[in-house]
Enquirer: 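There's a structure below that I have some questions on.
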Amino acid sequence: NLRGKQILLPPQSFETQTQVRSFISFNKERRRRLDCCCEDRMFKISEAEREFLIGGINSNCRNDGRNRLDFRPFKVKTGILNQTNGSSRVLLSNTDVLVGIKCEVGDPDPHFPSQGRIHVSVECCPSASPEFEGRGAESLNNELTLVIERIVKDNSALDLSQLCILSGKVVWNVYIDVMVLNSGGNLFDAISLATRSALENTDIPKVEVNEEAEEFDVSDDPDDFTKLNVENVPISVTFTKIGNGYVVDSTIEEELCMSARLTVAVNKRGNICTIQKGGPGGFEPSAMAEMITNARRLSQDLIRRLESELSFERAKGTRKDQSRFRLFE
Amino acid sequence: RCRSITLITGIGSINIAIMATRIVLPGEMITNEVGFLRGHGTYVLEGVLFASVAGIVERVNRLISVKPLKSNYNGEVGDVVVGRITEVLQTSWRVDVNGRQSCSLALSAVSLYGVQRRKNAEDALQMRSTFKENDIISAEVQQIHNDGQLALHTRLKYGKLSNGQLITVPSSLIKRVKNHFYSFPFGVDVILGNNGNIWISDTFKRHHDESDFDQEKIEDTTRDIPASTREKISRVRNCIEALAMNFISIYPDSIMETYDESLQREIAAKDILQVENASEITQRARLL
């Protein structure tokens, strides 16, 4: 009956069968208690906490004192991974997101022969949260990848024709890899902030093209590069519906109480680029219209804050001066 | 910082200077003198004593140990803990207190409705009506079993917690004080669990004329908390988090200092957690 089950044997010896049986049952109980601890660490919320939280949201004073439409402070650092063409890391309270961008020469999409190609992949690190262990993060990874892809591949976001080398044959393939290192709620917005700052940080090597001979030469000089124009890359604002109201930039406890989620991506001009709805619940149409209006206002705020953070960082020193990966002094 | 003790003997007084409080990193040499007993958090390599955790060196006569700065909660008998129910078993509950193992809370260690009586089979079937999964409770450590599992009890003033919020800080920041249930004068209650979980709620006034049975029912129901009190609760919560960010001991006086400082500087509750604000308002608490 002990097939496949691990037993930790003590150095003592057993004399009777009852001793063996009692030791095995004690051990099973002990292992069960220790195994329980892993599940215990998954974020859970009691009914009392839920009611307090919802009461707070209804009175416009959330658990940490914010209003329903207040964002938490965030910090950005770019140019931290020297093996990539561009990188950035965003710390939104506990949420920690790292983005690395690699540019490689490759084939174009047959439908768009003179445009560069963008590939996005989002992965939630299994150590970021107990729910992400094993295959727990699969559906979340898919949803995050889809939303970021739609944000970045939007026609108005980036000028992809600038990434063309030889029309129909060779273009720049931009690989955007996002890694969620720690989850403190609101992954969508943190990832969109990190992606935009990483794209701004990206250096694309200069290419000498010989059109008639269909040859091209990628420059080896690390100082010889062009930058992408990320002026129109949208930033997303996520609303979570809790009880009858909705809040922006939810924490982990708030996300445990949410019934539905709406992510709205807006660019600097105030145009809505992407809307994604998640979660099992539904929204009232009037509430949705309100949320979209708020998103247009809040995203301008976010873009302004992001740009000021990045210019502050640029003023502090060039990429070569900064210490690698040392974050947030 | 050097600490010295004055020993008053029959003849006179002797000053003994103890080693300055030392913070060590894993792998750092503590001493290469012989004759020391090694305690927790140390190891011996070729006769030299090294630290195996990052922490503060503690020395009691010949015993040297390193108390880690951040570790899982290790329970002692008499500790007040704030934990979450993870499982409801036949005659006990399993409680998670951020330790290496989950604790057990036996049905016989719970006083139902303020009455101490022997629990029968009916009570065993009604366990979920007392504590359900995911409920937050305050309890006291009654005993520690041989394998390190803690046994809790919730008699007297302990029990299910409601109408508040939970915040978790490193357990080493909570000092062992006489009273872990503190009521601030501005209408906010805190329960400082030794395991690092802190429960913040509004003050609940007990009516002495009603029986304990009704008290518990009233205390458990969701109260209508006004926005002004909520703002104070969130300010206390952010002050505690600011203290944790700056690794300062958390106890009623330090929370009070930080709270007053934040009011004096007219910082909004939500802005306390910005790094500059947090370090400014915890300055006075640091000196306590």
Side-chain angles (χ1 to χ4, degrees), chain A residues 8 10 23 26-27 29-75 91-94 130 184 243 249 251-254 256-257 305 327-329, chain B residues 72 83-87 94-104 131-137 145 147-149 160-167 199-202 220-238 241 268-277:
Chain A
L8 306 163
F23 177 76
F26 166 77
N27 214 33
E29 176 60 21
R30 187 161 149 263
R31 283 196 67 81
R32 199 161 152 266
R33 248 186 273 133
L34 291 170
D35 287 340
C36 273
C37 264
C38 304
E39 276 171 28
D40 294 349
R41 297 309 154 84
M42 279 181 67
F43 294 110
K44 293 175 183 161
I45 196 162
S46 65
E47 272 180 35
E49 283 172 285
R50 186 190 297 261
E51 289 181 17
F52 182 83
L53 200 129
I54 293 178
I57 289 171
N58 291 336
S59 341
N60 206 21
C61 179
R62 287 149 84 171
N63 272 359
D64 49 4
R66 286 183 289 154
N67 292 332
R68 283 193 283 261
L69 300 177
D70 273 336
F71 258 87
R72 290 170 286 184
F74 63 85
K75 293 207 159 165
L91 201 68
L92 179 70
S93 171
N94 275 342
D249 192 14
T251 59
I252 284 263
E253 298 94 31
E254 288 166 349
L256 286 169
C257 306
R305 274 168 66 183
L327 197 66
F328 310 137
E329 300 98 62
Chain B
N72 271 339
R84 195 185 288 277
I85 307 276
T86 50
E87 257 184 275
R94 189 133 293 152
V95 184
D96 172 30
V97 288
N98 298 340
R100 281 190 196 91
Q101 288 182 351
S102 47
C103 315
S104 72
F131 300 134
K132 280 206 303 294
E133 282 91 345
N134 296 340
D135 275 348
I136 304 237
I137 57 161
H145 295 301
D147 53 354
Q149 196 196 28
K160 188 156 94 163
L161 300 174
S162 56
N163 292 300
Q165 50 171 312
L166 184 78
I167 175 174
W199 181 258
I200 311 164
S201 63
D202 69 329
D220 200 15
T221 52
T222 313
R223 293 191 284 275
D224 204 12
I225 305 174
S228 53
T229 318
R230 281 187 188 273
E231 198 258 335
K232 292 184 189 137
I233 293 175
S234 58
R235 191 178 283 271
V236 170
R237 180 219 178 263
N238 286 347
E241 200 172 319
K270 60 187 173 189
D271 294 328
I272 290 178
L273 291 177
Q274 290 180 10
V275 181
E276 313 80 35
N277 288 344

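Throughout, protein chains are lettered first and strands after them, A, B, ... in sequence-line order, and every chain is numbered starting at 1.
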Enquirer: Identify whether the distance between the nearest side-chain nitrogen and carboxylate oxygen of A:Asp70 and B:Lys270 falls below 4.0 Å.
Expert: yes
Enquirer: At a 4.5 Å cut-off on heavy atoms, which part of A:Arg62 comes close to chain B: side chain, backbone, both, or neither?
Expert: backbone
Enquirer: Answer yes or no for B:Arg223 and A:Phe52: cation-pi contact, defined as NZ/CZ to six-membered ring centre under 6.0 Å and angle to ring axis within 45°.
Expert: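 No - B:Arg223 does not lie over the ring of A:Phe52 by the 6.0 Å and 45° rule.
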Enquirer: B:Ile233 versus chain A, heavy atoms under 4.5 Å apart: side chain, backbone, both or neither?
Expert: side chain
Enquirer: For B:Arg237, is it the side chain, the backbone, both or neither that has a heavy atom under 4.5 Å from a heavy atom of chain A?
Expert: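 Only the side chain of B:Arg237 comes within 4.5 Å of chain A.
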Enquirer: Hey, is the main chain of A:Asn63 close enough, under 3.5 Å, to the side chain of B:Gln165 for a donor-acceptor pair?
Expert: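 Checked: pair present.
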Enquirer: At a heavy-atom separation under 4.5 Å, does B:Asp135 approach chain A through its side chain, its backbone, both, or neither?
Expert: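 For B:Asp135, the contact with chain A is made by backbone and side chain together.
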Enquirer: Give the member of B:Ala227, B:Ser104, B:Gly164 that has the highest number of heavy-atom pairs under 4.5 Å with chain A.
Expert: B:Gly164
Enquirer: Is a donor on one side and an acceptor on the other found under 3.5 Å between the side chain of A:Glu49 and the backbone of A:Ser46?
Expert: yes
Enquirer: Sort out for me which of B:Ser234, B:Ala268, B:Pro226 touches chain A most, counting heavy-atom pairs under 4.5 Å.
Expert: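 Of the options given, most contacts go to B:Ser234.
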Enquirer: Less than 4.0 angstrom from a charged side-chain N to a carboxylate O is my criterion; do B:Arg84 and B:Glu133 meet it?
Expert: no
